[in-house]
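Worth saying up front: this structure is predicted, and the values here are computed from it rather than measured.
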Amino acid sequence: MSGAPAFGELGDDEQAAADRAVYFGANVLILDEPTAALGVKEAAHVLRIVMQARAKGVAVILVTHNVRHAMMVGDHFAVLIRGQKADDFRKGERTREEITDLMAGGEAMAHLEAELAQLQADA
């Protein structure tokens, strides 16, 4: 099954999925929220697997809302908002705070904050 993509979520029983994908020669590993329901120890294991896969030349697509995890293992990032690409950047081009702000609504949130501050000032 060489060159086949591997899809999956890494939970309790699925943590070995990435290891199996690398073992069987996958060249792309797609992980959808693999650390979302995990504790710190289990999430660290998943992130180690991602780094091991990368070291073996496997492309990893990590779908996550956890900016910290993404920044630890990623080198190229795309932020999607309602299915549309809001930004695309490489490691070091954005701060964690900038990414989090963008994910939380970016400009729309800045406008809302300004509007609410004005309403509070007027009250």
Side-chain angles (χ1 to χ4, degrees):
M1 191 192 264
S2 182
F7 301 88
E9 294 180 21
L10 297 176
D12 294 332
D13 293 331
E14 295 87 13
Q15 286 188 1
D19 282 332
R20 286 193 305 271
V22 172
Y23 178 80
F24 287 110
N27 56 12
V28 177
L29 182 60
I30 301 172
L31 303 171
D32 186 10
E33 297 288 353
T35 61
L38 302 180
V40 174
K41 184 177 178 181
E42 293 83 6
H45 177 71
V46 171
L47 297 175
R48 280 190 209 96
I49 290 171
V50 168
M51 293 306 291
Q52 290 167 357
R54 285 187 56 193
K56 292 178 180 175
V58 176
V60 179
I61 299 171
L62 177 66
V63 179
T64 184
H65 286 84
N66 191 317
V67 177
R68 180 169 286 198
H69 290 173
M71 291 181 76
M72 280 193 272
V73 299
D75 58 10
H76 186 193
F77 307 89
V79 175
L80 303 179
I81 297 176
R82 292 189 204 107
Q84 300 294 314
K85 185 167 59 169
D87 202 358
D88 186 327
F89 50 92
R90 299 198 64 74
K91 190 171 200 157
E93 293 179 347
R94 305 283 182 280
T95 66
R96 185 180 322 151
E97 183 176 350
E98 289 171 326
I99 299 166
T100 303
D101 286 348
L102 178 64
M103 290 171 63
E107 254 182 66
M109 284 301 278
H111 291 300
L112 176 60
E113 286 175 356
E115 181 182 337
L116 293 175
Q118 185 62 46
L119 288 172
Q120 187 174 14
D122 292 344

**OP:** Could you tell me whether a side-chain N or O of T95 sits under 3.5 Å from a main-chain N or O of E98, the two making a donor and an acceptor?
**Re:** yes
Original post:
To the nearest 0.5 Å, what is the distance between CD1 (I61) and CG (L31)?
Top reply: 9.5 Å
Subject >> Beyond-backbone contact of T35 with E42, side-chain heavy atoms, under 4.5 angstrom >> reply: no
Original post:
Hey, is the main chain of H76 close enough, under 3.5 Å, to the side chain of K91 for a donor-acceptor pair?
Top reply: no
**OP:** In sequence, state the C-alpha distance, the side-chain angles, and the governing distance for E97 and D101, and then conclude on side-chain contact (heavy atoms from CB on, under 4.5 Å).
**Re:** CA-CA 6 Å; E97 183 176 350; D101 286 348; 3.9 Å; yes
Original post:
What closest approach, in Å, do V58 and A26 show between heavy atoms, and which atom pair accounts for it?
Top reply: CG2-O, 3.4 Å
Subject >> Interatomic distance, L62 atom CG to L47 atom CG [nearest 0.5 angstrom] >> reply: 7.5 Å
**OP:** Give the C-alpha distance, both sets of side-chain angles, the deciding distance and a yes or no for side-chain hydrogen bond (donor to acceptor under 3.5 Å, both in side chains) between T64 and H69.
**Re:** CA-CA 8 Å; T64 184; H69 290 173; 5.2 Å; no
**OP:** Look at atom NZ of K56 and say whether more than 12 heavy atoms of other residues, nucleotides or ligands are closer to it than 6.0 Å.
**Re:** no
Original post:
Between E33 and H65, is there a donor-acceptor pair closer than 3.5 Å when you use the side chain of the first and the backbone of the second?
Top reply: yes
Original post:
For the atom pair CD (E93) and CZ (F77), what is the distance rounded to the nearest 0.5 Å?
Top reply: 10.0 Å
Original post:
Distance from D75 atom CG to F89 atom CZ, nearest 0.5 Å?
Top reply: 11.5 Å
Original post:
Is any side-chain heavy atom of R96 closer than 4.5 Å to a side-chain heavy atom of R68?
Top reply: yes
Original post:
What are the two closest non-hydrogen atoms of V63 and P34, and how far apart are they?
Top reply: O-CD, 3.7 Å
Original post:
Within the side chain of R94, is there an N or O that forms a donor-acceptor pair under 3.5 Å with the backbone of D88?
Top reply: no
**OP:** Please name the pair of heavy atoms, one in K85 and one in A78, separated by the smallest distance, quoted to 0.1 Å.
**Re:** CD-CB, 4.3 Å
Original post:
Sub-3.5 Å donor-acceptor pair from the side chain of Q84 to the main-chain atoms of I81, do we have one?
Top reply: no
Subject >> Cluster link L112 to L119, ILVMFWY, side chain under 4.5 Å >> reply: yes
